J.: 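Quick one: this structure, given as structure tokens, is what I'll be asking you about.
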Amino acid sequence: MTELPPIDWSGLEAAETVSLDTECSGLFADDGARVACVALAWEGGSLALPFDQGRLDKLSNGNQLERSLGEYNPNRSSFEWDLLCSVLREKRIVMHNAKYDLHMMAAGTRHFEGVDLSNQVIWDTMLASRVLEPRESAGLDACGARHGLGGKLGADEVAGWLKKNRLPKGRYDLVPWESVEPYVKADAELTYQLWRVQKGGEGAETSQDELSRQFDLCRTLFRIERRGIAYDGLESIKCAEAMLRKADEIEASMPFKCDITAAKKYFFETAGLPPDRVTDKGAPSLDREQVRDWVAAGIKWAEEYQIVSRARKAVSMWYQGYPDKMGADGRLRTSYNQGTVVSGRLSSERVNLQAVPKADKIQKGITPVRKLLRAKEGCGLWSLDMSQAELRVAAQYSGCTLMLERLADGVDFHALTTIDVLGVSPDDPDFKLKRDIGKQATFSSIFGIGGESFQKLLAKQGDVHLGLDECEQIVKAWRNTYPEIRWAYYKAQNRAERDGYVRILPGTEYERKSWLGPRDWPHTGWNRMVQGSLAAFVCMWLVAVDQDWPDTIVQTVHDSIVLELPVNEGDRIANEIAADGARRATEIFGLTMKVDVDRYI
DNA sequence: AAGTGTTGCGCC
DNA sequence: AAAGGGCGCAACACTT
């Protein structure tokens, strides 16, 4: 065994601010991803250290591959890892996409315990690039090239090595250290230089508040993600098994397998049924609505197919899909994307906790997925929802007087709208159903739906079938009832066309521009303004709650926050947080905003 | 076998 | 001229 040269820590120890980049074995700690190496750069120096790099014993066929590591093992010891962690705990740290490296550093290597560096992050060059140059690519390579710092180094070599050795694309941890070292080092150096350029540029000063908000949100999201949300995996799997057993039983009696290909073949070809709709590409469409109509018409095997296909989908997406992704501590961890959604909303991936199905989407007799969420010992879950948030903001930004009036306390907005728009009396025996249609008309019409799309929406989502004339009539009546919405829609569209952007949180100290790209239709400007302003508010609200009530947020879904709170004080705390949120929203939007509190578990 | 695009559908 | 908007995941079709 060749002795490794000693590490010269002096440069790192002397540095005030360092950039950090890791290479790891995957994307998410709960999928087993761990740090393989760490690179750091500072003023006038850099250092790259492998800790679990090129160790091919990670693979099942490790024998042969372990040999390729040779006699020389470049990886550093736990002592050196610990020393690195303790040095980093004292530094100001800059990263490109900090949330990822924070998670990885917190997860550690396969053998060494991680460290939480979230309080050390002072800058994220990726988030900064989205603030400072919102219409440019935020990738490190592209940012470097734009600012004359050179592109990434050695990326092709690393990717090429994996390809040549027939190894998975993202497994940089398997690549020999001599190939990875220049690559990871160059990334850390590039990140450092990019920070220098960004903070010294003229935009940094004018955008300082927005930059801070983005960095704060990143830190908050990191904490929410790390906390995760408890899930009853055992019960979930029990439901999955029951559903699959039943599905298999039904399928066994059928003349075709319940995959979509076989079903299309059976219904459209063997049975010769004509499709009600075709896809954009002209293929016959076998969607939920088609199956539902066939079931209603008594078509043979339609109901069986409906039951089996829905059950299998629910199993793979949730009842088995979620347990497969749970961490060792029984919690589900999503990853929020910050700055990727055009409107400024967050998106959520891996476990998409922003699309957990509601109870009405689950077949009878099976515990709904939301009922399988859990809280840690002694705690419960509370959900805080901004009440009719989009409607309120749309009313305010458009100055729609009737809408504002009807959003007052104690008024049934949807009932009054239904009376106007559908021309019905509240005594109508079908008023409940009609109110649902009126409600749907509102949520669709605030962003300008047309009659045809409204008709399709009602049919698909509500199994409500109205004629095109009637749908056009409803949309027209809605626009006449709340004309200011239409005016605001056109105004935003014109501004988007003329200026290329719309204003987010207009007239507040938080105002910023939301740019529409060449592929974004100007007519989406009004939606962008309303949705984007709400998103901007919720992002600030999340940070505030995380600061004032630390370690409580476990989830967020566009206009709601889920909190894990002690059972005995939860009601009081949840209502306190809701009142604070409502106060903040009311101040920012300039009309009364409400936050509803709901106990989950 | 792995990548890309399409369809359908979950959420707000 | 008219157009609801915004996402991510699973299954499948098709290509490389």
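Note that the structure is predicted; figures quoted are calculated from it, not measured. Chain identifiers are assigned alphabetically (A, B, ...) following the order of the sequence lines, protein sequences preceding nucleic acid strands; residue numbering begins at 1 within each chain. Values below: all heavy atoms of this structure, side chains included; hydrogens, waters and symmetry mates excluded.
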J.: Look at the side-chain N and O atoms of A:His523 and state whether any lies under 4.0 Å from the OP1 or OP2 oxygen of C:dG5.
T.: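 Yes, because at least one side-chain N or O of A:His523 sits under 4.0 Å from OP1 or OP2 of C:dG5.
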
J.: Starting at atom CE of A:Met317, determine the distance to atom C1' of B:dC11, rounded to an integer number of angstrom.
T.: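 Atom-to-atom, A:Met317 to B:dC11, this comes out as 10 Å.
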
J.: Roughly how many Å is it from CG in A:Asn352 to P in B:dC9, rounded to a whole number?
T.: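 Answer to the nearest Å: 17 Å.
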
J.: Quick one: does A:Gln531 reach the base of C:dG5 with a side-chain donor-acceptor pair under 3.5 Å?
T.: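 Such a pair exists between side chain and base.
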
J.: Think A:Lys513 forms a cation-pi with A:Tyr501, using NZ or CZ under 6.0 Å from the six-ring centre and within 45 degrees of its axis?
T.: yes

J.: Output the rounded distance in Å from CD (A:Glu497) to P (C:dA2).
T.: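 In whole Å, C:dA2 P and A:Glu497 CD are 14 Å from each other.
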
J.: Is the phosphate of B:dT6, meaning OP1 or OP2, less than 4.0 Å from a side-chain N or O of A:Lys281?
T.: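 Yes, such a contact exists.
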
J.: Return the value, rounded to whole Å, for the distance between atom CG of A:Asp287 and atom P of B:dG10.
T.: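 Rounding to the nearest Å, CG of A:Asp287 and P of B:dG10 are 11 Å apart.
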
J.: Between A:Ser347 and C:dG8, does any side-chain N or O lie under 4.0 Å from OP1 or OP2?
T.: yes

J.: Separation of A:Arg166 atom CZ from B:dA2 atom C1', in whole Å?
T.: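 Interatomic distance, CZ of A:Arg166 to C1' of B:dA2: 12 Å.
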
J.: I'd like to know if A:Glu210 and A:Arg213 make a salt bridge, using a cut-off of under 4.0 Å between side-chain N and carboxylate O.
T.: yes

J.: Phosphate oxygens OP1/OP2 of C:dA11: is one of them under 4.0 Å from a side-chain N or O of A:Ser316?
T.: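 A:Ser316 to C:dA11 OP1/OP2: side-chain N or O found under 4.0 Å.
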
J.: Kindly check if the number of other-residue, nucleotide or ligand heavy atoms within 6.0 Å of NZ (A:Lys264) is above 12?
T.: yes

J.: Taking the ring centre of each residue, are A:Phe267 and A:Phe256 less than 6.0 Å apart?
T.: yes

J.: Where the side chain of A:Val341 is concerned, which of B:dC9, C:dG5, C:dC7 is the nearest nucleotide?
T.: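 Within the option list, the nearest is C:dC7.
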
J.: Take the angle between the ring planes of A:Tyr322 and A:Tyr231 and call it parallel below 30°, perpendicular above 60°, tilted in between.
T.: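 Taking A:Tyr231 first and then A:Tyr322, their aromatic rings stand perpendicular (interplane angle over 60°).
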
J.: Examine B:dG10: is either OP1 or OP2 under 4.0 Å from a nitrogen or oxygen in the side chain of A:Arg288? Give yes or no.
T.: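 For B:dG10, OP1/OP2 do have a side-chain N/O of A:Arg288 under 4.0 Å.
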
J.: I need the NZ-C1' distance between A:Lys439 and B:dC12, as an integer number of Å.
T.: 13 Å

J.: Does A:Lys264 put a side-chain nitrogen or oxygen below 4.0 Å from OP1 or OP2 of C:dA11?
T.: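 For C:dA11, OP1/OP2 do not have a side-chain N/O of A:Lys264 under 4.0 Å.
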
J.: Hey, does A:Ser445 reach any base, or is it just sugar-phosphate, or nothing, if we go heavy atoms under 4.0 Å?
T.: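 Here A:Ser445 touches no strand at all.
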
J.: Whole Å only: how far is the CE atom of A:Met386 from the P atom of B:dC12?
T.: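 A:Met386 atom CE is separated from B:dC12 atom P by 15 Å.
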
J.: A:Leu286 has an atom CG; how far is it from atom P of C:dC12, in whole Å?
T.: 12 Å

J.: Under 4.0 Å: is that the gap between some side-chain N or O of A:Thr524 and OP1 or OP2 of C:dA3?
T.: no

